[in-house]
Amino acid sequence: MKTLIPALLLAFGASAAPLAQAQNCGSGGGTTVCLTANGTTNNVQLNWTVSGNVSRLEVYRDTDSNPAGRSRIAVPASSARSFADATAADGTPYWYWVKFTTSAGSYNSGAATAKRSSSCPATAVTPYISANGSWTQTSSATISAGNSAILGPQPITGGSWSWSGCGTSGSAREQMITPVASCSATATYTNSCGAKTLQPFAITVAGSMRDLTSVQLSQQMSPAWNVGNSLDASPNETNWGNPRINQQLINAVKAAGFKTIRLPVSWNQYADADGNISPTFMARVTEVVGYARNAGLYVVLNTHHEGSWLIPTYAYQASANARLAKLWTQIANNFRNHDDYLLFAGTNEVMVAGDYGPPTAEYQAVQNGFNQVFVDTVRATGGNNAKRHLVVQGFNTNIDSTLNGFIKPADSATNRMFLEVHFYDPFNFALNDKSTIWQWGAIATNPAVTETWANEAYVDAQFQRLKTRYVDAGMPVLMGEYGAILKSEYDPAGVYRTYWTKYVTKSMFQRGIVPVWWDNGYDANHQFGLFNRTTGAQYYPDLIKAIVDSAK
């Protein structure tokens with residue numbers, strides 16, 4: 001650090017005017033609010049930015065950084081982006097928050113601190129981190145497990161330092177840390193006249209599990225996309241007409257604005273009679289998970305098309321439980337050191353073949369049992385799987401069946417579980433290629449080709465039920481599959497399909513549900529494909545934009 005400081009000071013002009021205070025951000029409901037606070041001779045000036053939509057803003061203040069016991073001091077207009085606290089006592093440090101309300105709930109910005117002072121303005125702090133062998137002007141860094149980092153903020157002289165978090169301690173300006181998990185540290189700089197400046201640092205340890213609930217994680221995952229009919233194809237990855245998944249495709253999905261891929265995998269066809277999965281296939285799945293992680297995407301890895309043996313009846317329950325546990329023990333052990341960008345989903349659309357009626361109590365009970373076997377099996381493998389975010393399903397992923405019979409599995413981890421359902425309503429519009437129903441919703445002009453149910457009000461009501469029952473109770477919902485087929489014989493431009501997609505996606509996202517478009521890889525009529533599986537080129541840019549823009 002000593003040999004680099006003069007060059008850094010010169011390069012960033014650190015000897016000139018103070019740099020602006022770092023923003024302190026908080027996110028929720030698809031919106032991020034970042035706050036700064038600066039003391040002046042007359043007040044404490046607050047400024048914030050808003051990325052997303054808010055319906056209400058509130059300003060809170062306290063004399064310490066603990067939000068418990070804070071007081072509301074203002075309710076500015078939702079369009080406001082600043083506030084001057086003229087009631088702040090001279091020389092007293094205050095911490096501030098902006099509480100913001102969206103359609104999904106209420107959340108908080110990060111805490112910003114400042115004090116009103118006519119004689120002692122706070123000093124700007126510039127963060128630096130030495131990670132992986134080089135110094136960088138930044139407040140966040142990623143290191144490998146077992147490696148060290150040095151936190152070395154500036155200024156170098158003229159005041160004193162104190163630290164908290166990430167194993168920091170004492171008054172040394174430079175702090176060497178070797179965290180075992182991702183963590184946050186805060187440096188407090190007190191200048192020569194007593195003004196304090198807080199500088200947060202965020203260190204991510206690759207391969208570690210962050211301290212995030214599943215609800216918090218879900219807020220980072222939308223929108224999402226299925227790479228269907230590939231690793232779930234039979235008898236091999238290319239047998240259903242799609243090429244092998246490649247890095248170029250996954251990069252294109254990321255570039256389009258998606259944040260998560262759901263990776264359907266049929267495991268049993270690659271296992272022997274005793275349930276031992278082929279090492280070659282396991283390596284291939286691991287490679288594809290790596291493609292997604294290389295692109296910075298979350299991955300939801302499941303078991304798919306296992307209906308030949310995963311049958312929800314008492315007669316098959318014992319044998320199905322044993323094979324489910326055998327497969328998931330191997331999958332979980334293979335990925336036990338992966339970080340929390342990888343989620344496991346235990347089952348997919350479990351049902352009794354040919355029985356599309358409401359599930360019996362027996363069906364519901366056995367499916368709930370499958371969920372419990374999955375959770376217990378994964379947790380027993382230890383490592384990062386002890387805290388991995390898991391996804392369990394309602395019966396046949398049907399919303400009504402789930403609401404009427406799903407029982408949340410017991411779990412040794414707290415707040416690390418999602419519920420998965422699917423949505424293809426109304427069937428004749430979204431999924432039935434033999435149907436002449438091709439218009440939908442408020443923009444429909446011909447009642448004869450419009451379904452009489454499942455319009456906008458129905459969509460909102462179904463998703464609100466999920467939000468009220470599960471999301472609001474701390475169990476986020478993954479809409480693991482949804483979509484509407486193209487019907488170019490009636491609607492060549494896809495006007496109604498795009499409208500349905502935009503409305504349904506937005507309705508999910510506003511209620512904290514993660515939308516995961518079903519893409520089977522095919523761009524032909526009556527199909528769901530969005531991307532060319534070889535090149536990553538977009539088949540339907542307007543449809544992709546509708547999904548991405550509706551999940552903001």
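Residues Trp517 and Tyr482 bring their aromatic ring centres within 6.0 Å. Centroid-to-centroid, the aromatic rings of Trp48 and Phe100 stay 6.0 Å apart or farther. No close placement of the Tyr496 and Tyr490 rings is indicated, their centers lying 6.0 Å or farther apart.
Residues Ser78 and Leu57 approach most closely at O-CD1, 3.5 Å, considering heavy atoms. Residues Ile245 and Glu237 approach most closely at N-OE2, 2.9 Å, considering heavy atoms.
Here Asp460 pairs with Tyr503, Ser507, Arg511 under the side-chain contact (heavy atoms from CB on, under 4.5 Å) rule; sequence neighbours left out. Phe395 is linked by a ring pair (Phe, Tyr, Trp, His ring centres under 6.0 Å) to Tyr363, counting only residues two or more places apart in sequence or in another chain. With sequence neighbours excluded, the residues forming a side-chain contact (heavy atoms from CB on, under 4.5 Å) with Phe509 are Ser222, Ala551, listed by chain and number. With sequence neighbours left out, Ser550 forms a side-chain contact (heavy atoms from CB on, under 4.5 Å) with Lys502, Thr505, Lys506. With sequence neighbours left out, Gln364 forms a side chain to side chain donor-acceptor pair (under 3.5 Å) with no residue at all. Listed by chain and number, the residues in a side chain to side chain donor-acceptor pair (under 3.5 Å) with Asn385 are Thr381, Arg388 (sequence neighbours excluded). For Thr468, the side chain to side chain donor-acceptor pair (under 3.5 Å) partners are Gln464, not counting sequence neighbours. For Lys254, the side-chain contact (heavy atoms from CB on, under 4.5 Å) partners at least two apart in sequence or on another chain are Ala295, Leu297.
Within the structure, the salt bridge (charged side-chain N to carboxylate O under 4.0 Å, His left out) test picks out the following pairs touching residues 541-551 (sequence neighbours left out): Lys545-Asp549, Asp549-Lys552. Residue pairs satisfying the salt bridge (charged side-chain N to carboxylate O under 4.0 Å, His left out) criterion with at least one member in residues 519-533, sequence neighbours excluded, are listed as follows: Asp519-Arg533. Each salt bridge (charged side-chain N to carboxylate O under 4.0 Å, His left out) pair with one or both residues in residues 205-219, not counting sequence neighbours, appears once here: Arg210-Asp340. Sorted by first then second residue, the salt bridge (charged side-chain N to carboxylate O under 4.0 Å, His left out) pairs that include residues 406-427, not counting sequence neighbours, are Arg262-Glu420, Arg379-Asp411.
Between Ser266 and Asn268, the side chains place no donor N or O within less than 3.5 Å of an acceptor N or O (distance only, hydrogens not considered). For Asn446 and Gln439, the side-chain atoms include no donor-acceptor pair closer than 3.5 Å. There is a side-chain donor-acceptor pair under 3.5 Å between Gln269 and Ser234. Residues Asn520 and Gln527 bring a donor and an acceptor atom of their side chains to less than 3.5 Å of each other.
Remark: of the listed residues Tyr341, Trp225, Phe418, Phe258, Tyr341 is the sole one forming a ring-ring contact (aromatic ring centres under 6.0 Å, His included) with Tyr298.
Inter-residue side-chain proximity for Asn229 and Asp232 is flagged as met; some heavy-atom pair is nearer than 4.5 Å. Residues Pro409 and Met417 form a side-chain contact, since some pair of their non-hydrogen atoms from C-beta on lies under 4.5 Å apart. With contacts defined as side-chain heavy-atom distances shorter than 4.5 Å, the pair Gln393/Thr402 does not qualify. Taking the side chain as every heavy atom from C-beta outward, Val285 and Asn334 never approach each other to under 4.5 Å. Between Gln220 and Leu212, the closest side-chain pair of non-hydrogen atoms falls below 4.5 Å. Side-chain contact check for Tyr316 versus Val366: every heavy-atom pair is 4.5 Å or farther apart.
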- Message: Between Asn525 and Glu489, is the side chain to side chain donor-acceptor pair (under 3.5 Å) condition met? List the steps.
- Response: CA-CA 8 Å; Asn525 194 30; Glu489 66 270 43; 2.7 Å; yes
- Item | Arg293 and Asp339: CA distance, side-chain angles, deciding distance, salt bridge (charged side-chain N to carboxylate O under 4.0 Å, His left out) verdict | CA-CA 10 Å; Arg293 291 297 290 113; Asp339 62 19; 2.8 Å; yes
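Aromatic ring orientation, Phe281 versus Trp267: perpendicular (interplanar angle above 60°, classes split at 30° and 60°).
At most 12 non-hydrogen atoms from other residues, nucleotides or ligands lie less than 6.0 angstrom from CG of Asn53.
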